[in-house]
Amino acid sequence: MSERRILVTSALPYANGPIHIGHLVEYIQTDIWVRFQKLRGHRCIYLCADDTHGTAIMKSARQRGVSESDFIAAIQSEHERDFSGFHIEFDNYGSTDSPHNRKLCEQIWQALQEKNLIVQRQVTEFLDATTGESLPDRFVTGTCPKCQADDQYGDNCDKCGASYTATDLINPISTVSGTPPVLGKQDHFFVQIEAMHAFLDAWTQDEKHLQVEVANYLKGHFLHEPLRDWDVSRPAPYFGFPIPGTDENHYWYVWFDAPIGYMASTQEWCDRTGEEFDTWWRDDQTEIHHFIGKDIQYFHCLFWPAMLKASNYSLPTRVHIHGFLTVGGEKMSKSKGTFVKASTYLKHLDPNYLRYYYASKLGPHVDDLDMNLNELVNRVNADLVGKFVNLGSRTAKFVEECGLASRYPDDGGLFAYAAQSGDKIAQAYEHGDYNRAMRLIMSLADRANPYVESAEPWKLKKDPAQLGRLQDVCTVALNLFRQLAIYLSPVLPQLAEKVGGLLGDPLVDWQQAQSPLLGTSVARFQHMLKRVDEKDVKLMIEESKEREEEGTSTAHGTDSGEPLLAEPLADECTIDDFTSVDLRVARVIEAADVPEANKLLKLTLSLGGEETRTVFAGIKKAYQPEALVGQLVIMVANLKPRKMKFGVSEGMILAAGLGEKEVFMLTAHEGASPGQRIH
RNA sequence: GGGCCCGUAGCUCAGCGGUUAGAGCAGGGGACUCAUAAUCCCUUGGUCGGAGGUUCGAAUCCUUCCGGGCCUACCA
C-alpha cells in the first residue's frame with residue numbers, strides 16, 4: 001500500500017452559537033475518516049476553523065455589548081472544548097479572522113482580478129437605518145404582502161409559503177436595530193463565474209469528485225443555464241476583511257473568505273510543523289477532501305472549485321456530502337428537547353455512544369440521518385457492551401497471571417477469517433459506508449462469542465490440568481477482541497487505547513489486525529464502557545427543553561435578546577443627565593380603580609411624613625389595586641405634574657414589560673424607607 | 001411549480017436480474033453462569049408501498065400512481 005498524502009476538512013462552524021448534535025454528524029463522520037486514514041499509515045491532516053464573519057456575528061456581539069473579536073474568541077474556545085469532548089481531533093483549528101486568511105483572500109482576489117472575473121455593479125438593497133449596514137433577507141421582518149401574517153422574514157412567509165424579496169414586505173423592520181430599514185443603492189463586487197462554466201460542467205460531472213445525486217442537483221439547478229454573477233462584497237460596516245483598493249468601504253462577503261479559511265488553517269499548521277504550504281495546496285499528489293452538509297453544496301461545488309481553479313490551486317479530490325440530522329423522524333426541535341447541544345450531551349452521556357451510533361447509521365449518500373433514542377440505547381448496549389466489550393471482560397481475568405500464549409492455538413480459522421475481512425471493512429470506511437463497516441465488524445463479534453461459549457473457560461479454570469488449554473482459549477478470545485478494537489478504533493479511539501493498555505501493545509496500525517499478539521502479559525481488566533442508561537437520555541432531553549423555555553440559548557446566558565432588539569439602547573447620557581431625574585422610594589397607601597379608564601389605577605404614594613403624591617399608573621390589567629397597598633415602589637418624584645382626564649398625575653412609577661398584562665413594577669426590598677432617593 | 005432521495009419482518013437496515021428474500025435489535029422458548037441481568041442455542045414474523053410493462057426469470061430494470069422526507073422557486 002503506497003502512502004497517500006491527504007488533506008481533510010469539515011465545514012467551518014459559524015461562530016454564532018454552540019455546537020449541537022446536528023453539527024456532530026459531520027465532525028464525527030470526518031474524524032472517523034481521518035483516523036481511519038492515519039491508521040492505514042497514510043499522511044493525513046484534518047483542518048478546521050471557526051467561521052467568524054458576517055452580519056449575524058455583528059448582531060450577536062452587539063446584543064451582548066462586546067466587541068466582535070471578544071465574541072468570536074469566546075465562541076471558539078467553546079467549540080474547541082466541545083469537539084475535544086467528542087474525541088474529534090484536528091491537526092489545526094484556526095479562525096477565518098486571522099492574518100493568514102486575510103492574506104490568502106487578498107491573493108486569491110488578485111488572481112480573480114487578473115483573470116478579469118470581477119465586475120462592479122450597483123445593487124438596491126435594504127440598509128439598517130441606524131448603522132448603515134446591509135441587511136440580508138433574514139435580518140428584515142415585516143408583514144407578508146400576500147397573506148398579511150405578521151413577523152415574517154424577508155425571504156419567504158412561514159404562514160402561506162409565499163416567497164418575495166425583503167423590499168416587498170409591509171412595514172419592514174430591521175432586526176439589527178428594530179427600526180425601519182432604508183433602501184440604498186450600493187456598489188457590489190461580483191465574480192463572473194459563468195466564464196468558468198465549461199470547467200465546472202466537467203468537474204462536477206466527474207463521479208470521482210461528487211456523489212451522483214449531487215452532480216444531478218447541480219446540473220438541474222445551476223449548470224443547465226448560464227451561471228449568474230456571484231455577489232461577493234458587502235458595504236461597510238461589516239465584520240470581515242476590507243477589499244483592497246476600496247478604502248475600507250467594501251468587505252468580502254463571509255462566504256468568500258470562509259472556504260479560504262481551510263487554506264489559512266493549513267498555513268497555520270505549516271508554520272507550526274515546518275511543512276510547505278504548496279505541498280498541500282499546489283501538488284497533484286495531494287488529495288483534498290471536504291466534508292460538508294447538503295445545505296452548502298452550492299458554495300463548495302461551484303464557487304470554491306472556480307476560485308481555486310482561477311487562482312491556480314489544487315481542486316478538491318472529493319467533496320463528501322451528508323444529509324441533515326432528524327430526531328425521531330422530525331427536525332430537531334427546541335421545544336421537544338431534541339435540539340441537544342454538545343455540552344448538554346456530554347453532561348449526561350458518553351461521547352462513545354454517539355460516535356458509534358452515528359457510525360452505525362452513516363452511509364455514502366446524501367440521505368438524512370434519523371436518530372432514534374431508543375435505537376441508540378439498544379444498539380450501543382447490544383453491540384458495544386454486549387458483544388464487543390464483553391468479549392474482553394469475560395476472558396481477560398483468566399490470563400492475568402500467565403499472559404497470552406506464546407504460540408497461536410488452533411481457533412478453527414476465526415482469526416484468519418477476521419484478518420481477511422480487514423480489506424472489506426477498510427473499503428467500507430474508505431467509501432464512507434460506515435454503517436456497512438459496523439455491520440461487518442459486529443458479525444465478527446458474533447462469531448467470537450460462540451467460540452468462548454463452547455470453549456467454556458470458566459470450567460477449564462477449575463481443573464489444574466487444563467490450565468494450558470485455558471490460556472489458549474483466552475489467547476484466541478483476546479486476539480479476536482483486539483482485532484475488533486483495531487477495526488473499531490477510527491470510531492472509538494478511546495476504547496482502542498484501553499484495549500492496547502490491557503494487552504500491553506498500543507493499537508496504532510490497521511495491519512496489527514493481521515497477526516495475533518502473543519506472549520505478552522495481560523493487565524487487570526478495567527471497565528471500558530458503561531451501559532447506556534435510558535434515564536440519562538431522558539435527563540438530557542429534559543435539560544434541552546428547559547433551556548428553551550428560558551429563551552434563546554446563547555454562549556453567555558439563556559435570556560432572549562428580543563427586548564434589546566425591540567428597544568435598542570438609548571444614546572449615551574452623562575451622570576448629570578441621570579441625576580436630573582429624582583427617583584424615590586414610595587409606599588402605596590391607597591390604590592383605586594379608575595372605572596372610566598382602560599389602563600389606569602389611581603395611586604396615592606407616601607414619600608414619608610406628610611408628603612404624598614397622586615399618580616395615575618397604567619397597570620390596571622396587571623395588578624389588583626388592593627394587592628398594591630403597602631408596597632414599596634419606585635417613582636419619578638420630580639416629574640412635571642400632568643393633567644389627565646381623571647385628575648392630575650404628580651409623577652410616575654417605574655415598571656418594565658410589554659404592556660397590558662405584561663407589566664412588572666419595580667419595588668424596593670423591605671428595609672428601604674419611603675422618601676429615600678435612588679442613586 | 002421544478003428537482004433529489006426514500007418506501008423490504010414491530011424497529012434499523014442489507015440484498016440492486018437468477019436457487020425456497022437476509023442480518024441485528026425487539027418478541028417467544030430453552031441453556032449457561034466467565035462477564036456491565038452480559039452470552040449461547042432454537043424460534044415467531046415479510047403477497048419486498050400499489051398497478052402495469054420488459055424478461056425464460058424482478059425486491060432488483062422501465063413507466064405510472066400512492067405515501068414520506070429534503071432542497072429549491074428566478075436568492076445564494
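A, B, ... follow the sequence lines: proteins, then strands. Residue 1 opens every chain. Heavy atoms only: backbone and side chains are in, while hydrogens, waters and symmetry mates are out.
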**Student:** Can you confirm whether the side chains of A:Asn16 and A:Ser60 place a donor and an acceptor under 3.5 Å from each other?
**Tutor:**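 A donor-acceptor contact under 3.5 Å links the two side chains.
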**Student:** Please check if any side-chain donor atom of A:Asp295 sits under 3.5 Å from a side-chain acceptor atom of A:Tyr298, or the reverse.
**Tutor:**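 Absent: no donor and acceptor within the cut-off.
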**Student:** Are A:Arg234 and A:Tyr251 in a cation-pi setup, meaning NZ or CZ lies under 6.0 angstrom from the ring centre and within 45 degrees of the ring axis?
**Tutor:**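 Output no; distance or angle outside limits.
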**Student:** Looking only at atom P, what distance separates B:rA14 and B:rA9, rounded to whole Å?
**Tutor:**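 Taking atom P in both B:rA14 and B:rA9, they lie 12 Å apart.
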**Student:** Taking only the P atom of each, what is the distance from B:rG18 to B:rU60 in whole angstrom?
**Tutor:**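 Pairwise P distance, B:rG18 against B:rU60, rounds to 11 Å.
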**Student:** If you assign A:Arg228 and A:Ala445 each to the RNA chain B nucleotide with the nearest heavy atom, which residue ends up on the more 5' nucleotide?
**Tutor:**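 Closest to the 5' end, via its nearest nucleotide, is A:Ala445.
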**Student:** What integer distance in Å separates A:Asn390:CG from B:rC32:C1'?
**Tutor:**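 Roughly 13 Å, once rounded to whole Å.
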**Student:** Take the protein atom CZ of A:Arg531 and the nucleotide atom C1' of B:rA37, then report the distance between them rounded to whole Å.
**Tutor:**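 Value for this atom pair: 8 Å.
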**Student:** Pull out every protein N or O sitting under 3.5 Å from an N or O of nucleotides 22-30 of chain B, one pair per line with the distance.
**Tutor:**
from   : atom 1 : to       : atom 2 : distance (Å)
B:rG24 : O3'    : A:Lys387 : NZ     : 3.3

**Student:** Might you point out which heavy atoms bring A:Asn479 and A:Pro516 nearest each other, and give the distance in Å?
**Tutor:**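 Smallest heavy-atom distance, with atoms named: OD1-CA, 3.4 Å.
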**Student:** Touch check for A:Val214, heavy atoms < 4.0 angstrom, all strands: base, sugar-phosphate only, or nothing?
**Tutor:**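 It contacts nothing in the nucleic acid.
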**Student:** For the pair made of CD in A:Gln466 and P in B:rC34, what is the distance, rounded to whole Å?
**Tutor:**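 A:Gln466 atom CD is separated from B:rC34 atom P by 16 Å.
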**Student:** NA contact type, A:Val385, heavy-atom cut-off 4.0 Å: base, sugar-phosphate, or nothing?
**Tutor:**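 Since a base atom lies under 4.0 Å of A:Val385, the category is base.
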**Student:** Quick one: A:Asn381 CG to B:rU36 P, roughly how many Å, whole number?
**Tutor:**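 Whole-Å distance recorded here is 14 Å.
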**Student:** Can you tell me how far P in B:rU39 sits from the matching atom in B:rG52, rounded to whole Å?
**Tutor:**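 Those two atoms are separated by 46 Å.
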**Student:** Can you check whether A:Phe291 and A:Trp33 have ring centres sitting under 6.0 Å from each other?
**Tutor:**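 Distance test on ring centres: under 6.0 Å, yes.
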**Student:** Regarding A:Leu529, tell me which of base, sugar-phosphate or nothing describes its non-hydrogen contacts under 4.0 Å with the strands shown.
**Tutor:**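 Base: the residue A:Leu529, judged by heavy atoms under 4.0 Å, touches a nucleobase.
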**Student:** For atom C1', what is the distance between B:rC74 and B:rC5, given to the nearest Å?
**Tutor:**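 Looking at atom C1' only, B:rC74 and B:rC5 are 24 Å apart.
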**Student:** Using the C1' atom as the point on both nucleotides, what is the distance between B:rA59 and B:rA21, in whole Å?
**Tutor:**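 Their C1' atoms lie roughly 8 Å apart.
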**Student:** Which whole-number value in Å describes the distance from A:Asp370 CG to B:rG7 C1'?
**Tutor:**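 Interatomic distance, CG of A:Asp370 to C1' of B:rG7: 14 Å.
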**Student:** Under 6.0 Å from the CD atom of A:Glu400, do we count more than 12 heavy atoms belonging to anything else shown?
**Tutor:**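 More than 12 heavy atoms, drawn from other residues, nucleotides or ligands, come within 6.0 Å of this atom.
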**Student:** Select base, sugar-phosphate, or nothing to describe what A:Pro457 touches, counting heavy atoms under 4.0 Å on all strands.
**Tutor:**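 Result for A:Pro457 = nothing.
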**Student:** Using the C1' atoms only, state how far B:rC13 lies from B:rC62, rounded to an integer number of Å.
**Tutor:**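 Straight-line distance between the two C1' atoms is 26 Å.
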**Student:** Mind telling me whether A:Phe388 and A:Phe481 have parallel, tilted or perpendicular rings, with 30° and 60° as the class edges?
**Tutor:**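 Answer is tilted, since the angle falls between 30° and 60°.
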**Student:** Considering every strand and a 4.0 Å limit on heavy-atom distances, what is the contact class for A:Met442: base, sugar-phosphate, or nothing?
**Tutor:**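 Touches nothing.
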**Student:** Could you tell me whether the side chains of A:Asp368 and A:Thr326 share a donor-acceptor contact shorter than 3.5 Å?
**Tutor:**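 Side chains of A:Asp368 and A:Thr326: no pair found under 3.5 Å.
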**Student:** Using the test side-chain contact (heavy atoms from CB on, under 4.5 Å), find all partners of A:Thr520 that sit at least two apart in sequence or belong to another chain.
**Tutor:**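 Counting only residues at least two positions away or on another chain, A:Thr520 forms a side-chain contact (heavy atoms from CB on, under 4.5 Å) with A:Leu404, A:Leu517.
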**Student:** Which label fits A:Trp109 and A:Trp252: parallel for a plane angle under 30°, tilted from 30 to 60°, or perpendicular past 60°?
**Tutor:**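 Perpendicular: the ring planes of A:Trp109 and A:Trp252 meet at over 60°.
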**Student:** Dot-bracket, RNA chain B: Watson-Crick or G-U, under 3.5 angstrom, [ ] crossing, | other strand?
**Tutor:** ((((((((.[[[[.)..(...]]]].(((((.......))))).....[[[[[..)....]]]]])))))))....
**Student:** Extract from the structure each pairing of a protein N or O with an N or O of nucleotides 66-70 of chain B at less than 3.5 Å, listing the distance.
**Tutor:**
from   : atom 1 : to       : atom 2 : distance (Å)
B:rC70 : O2'    : A:Lys294 : NZ     : 2.5

**Student:** Under 3.5 Å, is there a donor-acceptor pair linking the side chains of A:Thr96 and A:Asn101?
**Tutor:**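 No, A:Asn101 and A:Thr96 have no side-chain donor paired with an acceptor closer than 3.5 Å.
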**Student:** Please answer whether the main-chain N or O of A:Ile296 pairs with a side-chain N or O of A:His300 as donor and acceptor at a distance below 3.5 Å.
**Tutor:**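 Between the backbone of A:Ile296 and the side chain of A:His300 there is a qualifying donor-acceptor contact (under 3.5 Å).
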**Student:** Anything under 3.5 Å between a protein N or O and an N or O of nucleotides 3-6 of chain B, put it in a table, one pair a line.
**Tutor:**
from  : atom 1 : to       : atom 2 : distance (Å)
B:rC5 : O2'    : A:Asp367 : OD1    : 2.6

**Student:** Checking A:Arg447 against A:Tyr417: charged group under 6.0 Å from the ring centre and within 45 degrees of the axis?
**Tutor:**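 Yes, a cation-pi geometry.
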**Student:** Nearest heavy atom decides the nucleotide; on that basis, is A:Arg436 or A:Tyr298 closer to the 5' end of RNA chain B?
**Tutor:**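 Comparing both residues, the 5'-ward one is A:Arg436.
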**Student:** What integer number of Å spans the P atoms of B:rC48 and B:rG22?
**Tutor:**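 Taking atom P in both B:rC48 and B:rG22, they lie 14 Å apart.
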**Student:** Under 3.5 Å, is there a donor on one side chain and an acceptor on the other for A:Asp231 and A:His188?
**Tutor:**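 Distance-only check passes for A:Asp231 and A:His188.
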**Student:** Could you state the CZ-C1' distance from A:Phe398 to B:rA35, rounded to the nearest angstrom?
**Tutor:**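 Value for this atom pair: 8 Å.
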**Student:** Output, in order, the C-alpha distance, side-chain angles, deciding distance and verdict of side chain to side chain contact (heavy atoms under 4.5 Å, CB included) for A:Leu349 and A:Met540.
**Tutor:** CA-CA 8 Å; A:Leu349 299 170; A:Met540 174 183 83; 3.7 Å; yes
**Student:** Touch check for A:Trp230, heavy atoms < 4.0 angstrom, all strands: base, sugar-phosphate only, or nothing?
**Tutor:**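 Sugar-phosphate, no base atom in range.
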**Student:** Taking the P atom in each of B:rA58 and B:rG49, what is the distance between them to the nearest angstrom?
**Tutor:**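 My reading of the P atoms in B:rA58 and B:rG49 gives 15 Å.
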**Student:** In this structure, are over 12 heavy atoms from other groups packed under 6.0 Å from A:Gln122 atom CD?
**Tutor:**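 It does: A:Gln122 CD has more than 12 such atoms within range.
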**Student:** Cut-off 3.5 Å, side chains only: do A:His290 and A:Trp304 have a donor facing an acceptor?
**Tutor:**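 Judged by distance alone, the side chains do pair up.
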**Student:** Report the relative orientation of the aromatic rings in A:His20 and A:Phe339; use parallel for angles under 30°, tilted for 30 to 60°, perpendicular for over 60°.
**Tutor:**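 If you compare the ring of A:His20 with that of A:Phe339, the planes turn out tilted.
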**Student:** Heavy atom of residues 474-489 of chain A under 4.0 Å from RNA chain B: which residues?
**Tutor:**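 Nothing qualifies; none.
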